[in-house]
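What follows is a short report on a single structure.
Start at 1 with the first residue, then count along the sequence.
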Amino acid sequence: MIKSVLMVAGDNEKHLNKIPELKCDIAMVNLEDGMFDKEKARKIVYEKLKTLKCDRPKIVVRVNSLDSCGEDDIKLLNEVKPYAIRVAKIRTKEDVQRALSLIDEDIQVHLSIETKEAFNSIAEFKLDPRVTTLYLGILDLLESLTLPQSILTLGNPTIEYILSKFLIDSKSNGFYPVSFTYQDYRNLNEFEDWCAKEKKMGFSAKSCISPDQVDIVNRTFAPNSKEIERAKYIIEVFEAKKKEGCTGFVDERYGFIDEPIYKHALLVVK
């Protein structure tokens, strides 16, 4: 299960060389924001991915928008086969269809949700099973909504609505949602508070910009030993009862157990 997504600068060969050593689940190689010379970054990533292959972390490349140089990014990346290509600044289902037509069929398609149009159109984006994962780009989204970045604080009701809508719309339409990148990488206490809040809301993954953030995400979003023990017990007793023809019963340890609870236990163990 994906928990941690770490941004890696596409124009920094030293950082790219360290990808196999990273503790994140996804290394998000960035060709978009912050890349001054995008053509140079594209060539560096292309050459590096010709030989850099690893199962963990999985390598995803964030390309530029299709209205800028995203097509040039995709054309080269199709040759080196990253795990997925993440397309920036998506707005409409036509943008998603265009991305699908450009990206080779053996590469997953991930989308950045960072425009008001995309934020209100998530239900329209499941055009192909290859479109699996959505990333909340909250700062760009706030700009698109003409909302100040200063509202991005714990407990702000507008931010809670944005997170909740993104989560539910993603889950309802078969996407895996990844919560936003917290920019103040030195403020680990508040970052940990955000992770705890997002886990409580139902998120299971978050973007990061430092290895220290990755450690916090991996620790926060991993099921603890008590959760795993409970899940294994529920699986065992449910499967035993099911053989007797019963799929809903009261257990002396955990109360009422039925199929939805059993399915959640399977997910926890997985």
Side chain to side chain donor-acceptor pair (under 3.5 Å) between N17 and K48, intermediate numbers included: CA-CA 8 Å; N17 287 333; K48 187 59 60 178; 2.6 Å; yes
Same cluster (ILVMFWY, side-chain, under 4.5 Å), I85 and V80: yes
I113 reachable from M28 in the ILVMFWY side-chain graph, under 4.5 Å edges: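 Cluster IDs for M28 and I113 differ.
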Residues 231-245 side chain polar contacts: donor-acceptor under 3.5 Å, at least two apart:
residue: Y233; atom: OH; partner: D251; partner atom: OD1; Å: 2.8
residue: Y233; atom: OH; partner: D251; partner atom: OD2; Å: 3.3
residue: E239; atom: OE2; partner: Y262; partner atom: OH; Å: 2.6

Can you tell me if [X] uses its side chain to pair, donor with acceptor, with the backbone of [Y] under 3.5 Å?
| X | Y | result |
| --- | --- | --- |
| D169 | S172 | no |
| N120 | K116 | yes |
| Q213 | Y182 | yes |
| K126 | G174 | yes |
| N156 | L152 | no |

Would you say [X] has more than 12 foreign heavy atoms packed within less than 6.0 Å of its [atom1]?
| X | atom1 | answer |
| --- | --- | --- |
| R186 | CZ | no |
| D55 | CG | no |
| F256 | CZ | yes |
| K165 | NZ | yes |
| K38 | NZ | yes |

Minimum heavy-atom distance between I103 and R130, given as atom pair plus value: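 Scanning both residues, the minimum pair turns out to be O-NH1, 3.1 Å.
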Closest contact, heavy atoms only, V63 versus L77: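 Distance-wise, the nearest heavy atoms are CG1-CD1, 3.4 Å.
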Strictly below 4.0 Å, N to O, side chains only: are [X] and [Y] in salt-bridge contact?
| X | Y | value |
| --- | --- | --- |
| D67 | R98 | yes |
| K50 | E79 | no |
| E39 | K43 | yes |
| K58 | D25 | no |

Output the distance between atom [atom1] ([X]) and atom [atom2] ([Y]), rounded to the nearest 0.5 Å.
| X | Y | atom1 | atom2 | result |
| --- | --- | --- | --- | --- |
| T133 | R86 | OG1 | CZ | 10.0 Å |
| I74 | L102 | CD1 | CG | 5.0 Å |
| C195 | I216 | SG | CD1 | 6.5 Å |
| M35 | R62 | CE | CZ | 8.5 Å |

Residues in ring-ring contact (aromatic ring centres under 6.0 Å, His included) contact with F203, at least two apart in sequence or another chain: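 Result, ring-ring contact (aromatic ring centres under 6.0 Å, His included) vs F203: none returned.
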Verdict with supporting geometry, D106 and K81, salt bridge (Lys or Arg N to Asp or Glu O under 4.0 Å): CA-CA 8 Å; D106 54 351; K81 306 297 182 190; 3.1 Å; yes
Residues Y83, Q108; criterion side chain to side chain donor-acceptor pair (under 3.5 Å); working and verdict: CA-CA 6 Å; Y83 174 73; Q108 281 194 26; 2.9 Å; yes
Residue pair I19 / L22, side-chain heavy-atom distance below 4.5 Å: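 Heavy-atom side-chain distance check passes, below 4.5 Å.
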NZ or CZ of K206 within 45° of F180 ring axis and under 6.0 Å: yes
T181 and Y135: CA distance, side-chain angles, deciding distance, side chain to side chain donor-acceptor pair (under 3.5 Å) verdict: CA-CA 9 Å; T181 303; Y135 302 82; over 6 Å; no
